[in-house]
Amino acid sequence: MAHRGKKLINDPNDVVTEYIEGLVTTYPGLQYLDGFPQIKVVIRANISPSTFDKVAVISGGGAGHEPAHAGYVGAGMLTSAVSGDVFASPPVDSILAAIRAVTGPKGCVLIVTNYTGDRLNFGLAVEEAKSEGYKIEMVIVGEDCALPPRRGIAGRRGLAGTILINKIAGAAAEEGLSVEQVAMEAKRAAGIVGTMGVGLSVCTIPGQATDSVRLGHGLMELGLGIHGEPGVAVVEIRPADLVVSHVIKQILSTETNYVPITRGDHVVLMINGLGGTPMMELMIIARKAVSELQVEHGISVDRVYTGSFMTSLDMAGFSITLMKSEPEILKRLDAPTKAPCWPVGSVGNRSPVKIPVPLPPPSNSLNHEVQVTRHSPKPQELTQL
């Protein structure tokens with residue numbers, strides 16, 4: 001059975017452009033190119049290609065994954081983000097416009113999620129930009145650990161781990177590295193990250209009906225894609241701790257060997273909400289994920305990022321991302337950024353998670369205070385002037 005979900009929108013055809021307008025109105029460090037509705041590009045404010053002396057880092061894809069990617073535009077992260085329509089790859093002209101708007105003499109690096117449309121359109125834009133004289137490197141991120149190896153035409157899908165790659169590349173660029181060095185760091189990071197998602201509902205695309213049968217009452221889908229692509233299995237909803245254990249086991253599976261993470265290693269952990277999951281539930285997932293990694297797998301957790309970083313509109317569900325932690329990785333993730341949606345509160349090493357409850361002060365201390373009060377001189381009364 002299909003039905004139209006409730007949405008606080010105007011015209012469904014304008015949701016992406018109106019989102020961009022609201023975003024740049026909210027954050028003064030952002031601007032957008034005046035090319036609506038075909039060109040939907042957000043850039044760092046006041047960037048001039050002729051004087052920009054760092055490598056530009058550009059990412060993007062279809063809309064519907066907010067805050068990705070425009071929410072990560074800012075010094076120390078992305079220089080520009082390109083958006084298509086909802087769940088549709090941005091056209092080649094939009095990608096070219098972004099490249100021309102922010103790329104200076106040092107060139108640019110494109111971070112692209114592993115979907116057929118994105119690879120095709122970004123690839124065509126790269127070839128055209130190179131013919132115009134730009135220095136460009138492209139990094140493909142495909143870190144999905146849900147599907148068996150070599151399944152599908154495009155291979156592993158790009159998921160929330162892309163946000164970590166954006167941050168690492170942006171920090172490397174901000175440090176002044178060359179375009180080849182920034183791309184090399186991004187490619188290395190893309191090879192040591194894995195993600196798996198779980199959906200409790202399908203998403204509601206603006207202006208379209210929602211299929212309420214696919215994930216009915218009491219069901220969830222393991223490996224559900226961020227565009228609604230089929231996962232590996234539809235099963236009954238289980239307690240959060242059991243689901244988290246299964247997802248982490250799948251990411252670390254030695255059968256697929258997707259990520260080079262084993263007992264004794266350190267990791268960066270990202271708990272990502274898919275758009276319709278309350279923060280309370282995400283924190284319950286984070287709590288179990290940390291203990292599961294440490295106790296059951298002997299893996300230390302250096303950083304935890306919990307929130308909604310790459311969503312699927314209003315889909316209920318979450319994904320877990322694990323990246324092998326190294327000193328250089330932590331340096332890039334901890335580097336300062338002005339990107340409005342990067343979780344700055346997760347920077348640095350963690351203190352002990354709990355401390356003792358304070359005890360009441362000793363009774364003799366209270367008695368002493370009473371005695372002092374008892375022998376204090378009586379306040380003088382005010383006299384009329």
Side-chain angles (χ1 to χ4, degrees), residues 5-49 51-52 54 56-91 93-103 108 111 160 162-163 166-167 170 173-174 203-207 226 272-279 305 307-315 336-346:
K6 297 178 180 178
K7 293 286 185 182
L8 285 171
I9 62 173
N10 299 305
D11 187 331
N13 295 316
D14 296 334
V15 291
V16 182
T17 56
E18 290 182 355
Y19 160 74
I20 291 174
E21 289 172 339
L23 183 75
V24 301
T25 299
T26 301
Y27 299 109
L30 305 180
Q31 295 176 310
Y32 68 87
L33 299 184
D34 186 15
F36 286 170
Q38 289 81 15
I39 294 175
K40 296 179 276 289
V41 174
V42 175
I43 65 173
R44 282 174 52 182
N46 303 316
I47 287 288
S48 173
T51 58
F52 190 52
K54 292 181 172 63
V57 180
I58 301 173
S59 190
H65 307 301
E66 293 72 25
H69 291 274
Y72 303 112
V73 174
M77 207 163 175
L78 296 181
T79 321
S80 176
V82 194
S83 179
D85 293 327
V86 174
F87 295 170
S89 178
D93 288 346
S94 292
I95 302 166
L96 275 171
I99 293 171
R100 294 166 181 154
V102 299
T103 304
C108 77
I111 311 294
T162 308
I163 308 305
N166 288 346
K167 181 62 173 66
E174 192 68 20
C203 62
T204 306
I205 298 176
I226 56 173
N272 173 58
L274 295 179
T277 306
M279 183 60 78
Y305 303 101
S308 295
F309 305 107
M310 179 180 275
T311 65
S312 182
L313 293 168
D314 57 354
M315 182 185 289
T337 179
K338 292 185 178 180
C341 295
W342 175 255
V344 294
S346 296

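Basis for what follows: all heavy atoms, side chains included, without hydrogens, waters or symmetry-related copies.
- The SG atom of Cys108 sits 5.0 Å away from the CD1 atom of Ile99 when rounded to the nearest 0.5 Å.
- Residue pairs that meet the side-chain hydrogen bond (donor to acceptor under 3.5 Å, both in side chains) test with at least one member in residues 10-20, sequence neighbours left out, are Asn10-Glu18, Asp11-Asn13.
- Not a single donor-acceptor pair under 3.5 Å links the side chain of Ser94 to the backbone N or O of Pro90.
- In terms of the ring pair (Phe, Tyr, Trp, His ring centres under 6.0 Å) criterion, Phe52 has no residue partners (sequence neighbours excluded).
- Residues Met279 and Gly307 share a closest heavy-atom pair of CE-CA, 4.0 Å.
- Checking side-chain atoms of Thr79 against main-chain N and O of Ile58 turns up no donor-acceptor pair under 3.5 Å.
- Smallest separation of non-hydrogen atoms from Gly76 and Thr337: C-OG1, 3.6 Å.
- Taking all atoms of both residues into account, the shortest heavy-atom contact from Gly84 to Val16 is O-CG1, 3.8 Å.
- In this structure, Trp342 has its ring center no closer than 6.0 Å to that of Phe309.
- Between atom OG1 of residue Thr162 and atom OH of residue Tyr72 there is a gap of 10.5 Å, rounded to the nearest 0.5 Å.
- Closest heavy-atom contact between Ser80 and Val73: C-CG2, 3.9 Å.
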Listing, residues 28-45 side-chain donor-acceptor contacts under 3.5 Å, not counting sequence neighbours, or none:
{"unit_1": "Gln31", "atom_1": "OE1", "unit_2": "Asn46", "atom_2": "N", "d": "3.0"}
{"unit_1": "Lys40", "atom_1": "NZ", "unit_2": "Pro37", "atom_2": "O", "d": "2.7"}
{"unit_1": "Lys40", "atom_1": "NZ", "unit_2": "Asp85", "atom_2": "OD1", "d": "3.2"}

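- If you take CD1 on Ile163 and OG on Ser59, they are separated by 7.0 Å, rounding to the nearest 0.5 Å.
- The backbone N or O of Thr204 sits less than 3.5 Å from a side-chain atom of Asp314, completing a donor-acceptor pair.
- In this structure, Glu66 CD and Met310 CE are separated by 10.5 Å, a value rounded to the nearest 0.5 Å.
- The shortest heavy-atom contact between Gly275 and Ser308 is N-OG, 4.5 Å.
- Contact of the Leu313 side chain with the Pro206 side chain is registered, since non-hydrogen atoms from C-beta on lie closer than 4.5 Å.
- His65 places a side-chain N or O within 3.5 Å of a backbone atom of Thr311 that can act as its donor or acceptor partner.
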